[in-house]
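Note sheet for the following structure.
So you know, we letter chains A, B, ... as the sequences are listed, proteins then strands, and number each from 1.
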Amino acid sequence: MTDAASQSVLPVLGIMLPATGMLLMLLVGGRYVEWLALILLPAGLAVAAAIFAAVWREGHTLIYVVGGWQPPLGIALRADGLSAAMMLVTAVIICATGLFAGPQFSQPRGRPERRAPLVFWTLLLAIWAALNAVVVGADLFNLYVALELLTFAAVPLVALTGGTETIEAALRYLLFALLGSVSYLIGTVLLFAAYGTLDIALLSARVRPEPISWIAASLMTIGLIAKTALFPLHLWLPPAHAGAPAPGSAVLSALVVKGSFFLIVRLWFDAMPGLLNLAAAQLLAGLGAAAILLGSILALRQSRLKLLIAYSTVAQVGYLFLIFPLAGAASEPASSIAWTGGWLQLFSHAFAKAAMFMAAGLIAEALGHDRIAELGGIARRLPISTLAFALAGLSLMGVPPSGGFVAKWLLLLASVMQGQWWWAAVILLGGVLAGAYVLIVVGKALAPAGAAAAPTAPVSRRREVVALTVALGAVLLGLVPLQPSELLQIGRLDVHALAAR
Amino acid sequence: MTSALAFDLALAALVLAIATLTIAAREAMSAVISFIAYGLLLSLAWVRLRAPDVALTEAAIGAGVTGLLLLGAAATIGDRQAGAAPPLALMLAAGLACALVASGLAATTLVLLPEPAPTLAPPAMASLATTGLGNPVTAVLFVYRALDTLLEKVVLVLALLGVWSLAPDRVWGGVARLGPDAPPRAMLVFLAQLLPPVGMVIAIYMFWTGADHPGGAFQGGAILAAMWLIVLTARLADMPATSHPGLRLLVLAGPMLFAAIGFAGWALADAFLAYPEGYAKPLIILAEAGLTLSIAATLACLVAGPATRTPPP
Amino acid sequence: MSTAIALVTVVAVSAGSIFFLAGTIGLIRFPDAPCRLHALTKADNLGLGLIVLGLLPQVGTLAEALKLVCIWLLVLFSGAIVTQLIAATSRHK
Amino acid sequence: MTIFAACAALLMGLGLFGLITNPQPLRKIVAFNILGSGVFLLFGIVARRGAAAGVGADPVPQALVITGIVVAFAATAMAVALLLRLFADRGDTRLDHESAAGTEPARDDCRPP
């Protein structure tokens, strides 16, 4: 069924390395957890890099048939260009988060095991395994299990600090996520009932534009939207993402919400090509546009830094949904431009948002609070963190030469080329609003310290540098030549070619 | 045929009536009790749908262990927590929306599903001989779609970690509280002395027979968990501390063994989670044995909840 | 012969069902916990016993028959103890 | 089978209604379980429709349901644990506290001692 050259065990390793690593951590406990992390993080990065290199070099999808049982009876894993890019970005952000979190979550020597370090490191690896399973999954039910893995890793991370507010945020997040899972599951069973397979490639060949496909796709999309926190199902996100400890927020905002978004794209572009029609695409993008405007305006009104950043995630996730009308239309090259722009937005937001939450975490640690009104003088105390925040902000605003700029520019270009100018207006307005909320924070940080400025706690220089490096990553993404656009197309054709057989 | 139809109708009506009771019940405790009855009746529906494996799982986990968990929560919280019910207009709107959803789904399943229905039963049965198993559901769980099962075990461990992580920092690694603080009644102790040996035999039978007949690791594990919980509630054994290396090993051994068998398949049988020819059945039974123990420990720990007392010195 | 066996089954299972019905009505209608338990135990012990008895002639193998009897014994045993526990708890309150 | 298909749809509707309208999180969790079991029943109907090759129901959806029941239990356990912790901390379990983290300064007690 598949040519030998594309068989590779690497996707399995991408899932199983962090998954078994997580089990091992729980088994050994105590100080060994950090040592294991020290081994597993680079190893996982190496696997991701190997997959990226293999897909790049060979130019087609890597496939692994688990247990040798071909779909539809068995489960296959597929790493196409998009999966490879997602895996690499995930690995880089996870490793950076690990470096950032190292001093915060370390076990003291010769004392009983502490709660937070053990839980944090195991959850970090579990999130990694789940995200890798989501991006290489090719079976709708296997993807359901992967999504649940992601949820069950993310929820305790929200509640990690143990504050009552965060427990409540975690519970609300869990309830939203469970409703989303159920909705997704109904769609899955309907598709299986109609077409007798759960495999995405087989499904894309069998699916017909008929009512049951529509119903299934809608239910699955609604479920995934609840997990992605697209407006109007975004209510759970700000308290959850703001309540987690800084490294947790970084991973949640940068990566976890993207996992379910990735599946929405998989569903409409890979599993059910040709089913995406204008009305559905415009509706999704319309919700995205509402999220951009509403999220940005709410971000402007926040008095706390972490909540501001969390609302900014609501807004930035909105941009991703512009991919549906812009890349879904069959008008080359505009749709390819939009496709590249959409994914670049995802990647640059991942870097920018991770950096922002890291910087905000350091600022909160130094001040003992994160009230925006009382940030005065922090630029002098923590110049590196402030710079990291500002650089990440540039990418969110879409200022050249950042990755966010290129992404938004490509989306803008695509919408103008296709005559869908209203999305262009939203993109520009969103950029202006993002500029406003970033400038409020930076302006306050640059202001002189107030008379009642509290003394600041010392902050690790190493962690500041990690935040800055991640922010630089967001900027540098804008300088990468547009070659990745070709990578992002790898496998899209493969799936269709497979479908044709 | 008509008597079967009448039975199905009565069963479905009863299931729906009890579900309505569960949703509409005034007190949390009555809702939970009717939920357990609902789960048991539902497992009869699964028998009628010719899915005895699912019926056992629903009865053991869906009704049994979930019910136990919810009973504990309802006993602790009661109805003291009640927030205000939404206004009537909102209730009506929600009711209308849910009725629409239900009728839409009913119409979808009754009208839109294709005839003849697509099925994977023929390929699943055709390959059954190569696995050496007699129960096709076990074959799907441990051979064809073993990756799902493996990841789902990780989900279960992760849920336990999530529950444990809710312990306050000062009691981390401590002991969970199970049941009331009062000393156990003599009758309970008597039950805990007599029932577990029988239960263990049934659990082992359930896991062992799963290869060829309805049953398996989940159902056996759930029964084992229930037996352990009875023993712990009767204070015949101490609840182990969540930091106890033995407990952690017990929880993790099954998933790790299964993963190890998966990797061994990669080395010896050309594919991750493939079994070498002729060794499929013994390896699956080995994995299931480990998983039965781990599932039992995990389910029991999930019911017991996070630590509330400091670890013993 | 087979008619006689079938008759035994029908009579025994019907009688068992009547006990269950009566027990359930008692469970719903009786005022307090001890009365309800009194009704319930009749259903459990006698009703199930009669049903098992009725089914015994229908099974094919000895193992199946043993399983049926085991089920009845287990229900008898756990039912008796749980009833005691519930009664003790309700008296305590 | 038609009967159980209608039953499954109604169960999903009931569960959804309880999940949306009941203000008590514990009752929401119970409702989620009813909703979930309705979905699983749908799997069962699909399995029964796929009876072939000498088995009364397609084993693949049956296996998926078994996996699903275990995952639903894990979700219930996590939700109940969060709920009990919330109750222990605050004495109620309402989820309608507005601006969850808006009033309180950031707490980060995961810092090393």
For residues 146-162 of chain B, which residue pairs qualify under side chain to side chain donor-acceptor pair (under 3.5 Å), counting only residues two or more places apart or in two chains? Asn142(A)-Asp148(B), Arg145(B)-Asp148(B)
Can you tell which part of [X] gets under 4.5 Å to a heavy atom of chain B, answering side chain, backbone, both or neither?
X        : value
Leu64(D) : side chain
Leu42(D) : side chain
Ala52(D) : both
Arg85(D) : side chain
Val65(D) : side chain
Met78(D) : both
Ile20(D) : side chain
Val60(D) : both
Phe4(D)  : side chain

Need one label for [X]: side chain, backbone, both or neither, based on atoms under 4.5 Å from any heavy atom in chain D.
X         : value
Ala139(B) : neither
Ala25(B)  : both
Pro114(B) : both
Thr20(B)  : both
Ala99(B)  : neither
Met125(B) : side chain

Side chains of Thr76(D) and Asn33(D): any donor to acceptor distance under 3.5 Å? yes
Could you tell me whether the side chains of Tyr144(B) and Thr131(B) share a donor-acceptor contact shorter than 3.5 Å? no
Of all of [options], which one pairs up most often with chain B through heavy atoms under 4.5 Å apart?
options                               : answer
Leu16(D), Leu11(D), Val80(D)          : Leu11(D)
Gly18(D), Ala6(D), Gly36(D), Gly44(D) : Gly44(D)
Ala63(D), Ala5(D), Ala88(D)           : Ala63(D)
Asp89(D), Leu84(D), Ile29(D)          : Leu84(D)

Considering non-hydrogen atoms only, spot the tightest contact between [X] and [Y] and give its length.
X         : Y         : value
Ser103(B) : Leu100(B) : OG-O, 3.1 Å
Leu49(B)  : Arg48(D)  : O-CD, 3.4 Å
Arg48(B)  : Leu11(B)  : CG-CD2, 4.0 Å
Ala12(B)  : Cys7(D)   : O-SG, 4.0 Å

Please assess Phe142(B) against Leu291(B) for the test side chain to side chain contact (heavy atoms under 4.5 Å, CB included), listing each intermediate value before the final yes or no. CA-CA 11 Å; Phe142(B) 284 91; Leu291(B) 287 173; 3.6 Å; yes
Chain D: which of [options] shares the most heavy-atom pairs with it under 4.5 Å?
options                         : result
Gly72(B), Ala73(B), Ala106(B)   : Ala73(B)
Leu166(B), Leu105(B), Thr109(B) : Leu166(B)
Leu70(B), Thr138(B), Ile295(B)  : Leu70(B)
Ala222(B), Ala13(B), Ala117(B)  : Ala117(B)
Leu160(B), Leu158(B), Leu9(B)   : Leu9(B)
Leu120(B), Val32(B), Val101(B)  : Leu120(B)

Could you state the interatomic distance from [atom1] ([X]) to [atom2] ([Y]), rounded to the nearest 0.5 Å?
X         : Y         : atom1 : atom2 : value
Leu35(D)  : Cys98(B)  : CG    : SG    : 9.5 Å
Ile69(D)  : Gln219(B) : CD1   : CD    : 9.0 Å
Leu302(B) : Leu156(B) : CG    : CG    : 6.0 Å
Leu21(B)  : Leu16(B)  : CG    : CG    : 12.0 Å

Please report the C-alpha distance between Leu71(B) and Met29(B) in whole Å, then the side-chain angles of each, then the deciding distance to 0.1 Å, and finally whether the side chain to side chain contact (heavy atoms under 4.5 Å, CB included) criterion is met. CA-CA 7 Å; Leu71(B) 272 180; Met29(B) 192 48 115; 3.7 Å; yes
Tell me which pairs pass salt bridge (charged side-chain N to carboxylate O under 4.0 Å, His left out) where either residue lies in residues 60-77 of chain D, with sequence neighbours left out. none
Go through the steps for Trp46(B) and Leu41(D) under the test side chain to side chain contact (heavy atoms under 4.5 Å, CB included), then give the verdict. CA-CA 8 Å; Trp46(B) 282 108; Leu41(D) 207 53; 4.1 Å; yes
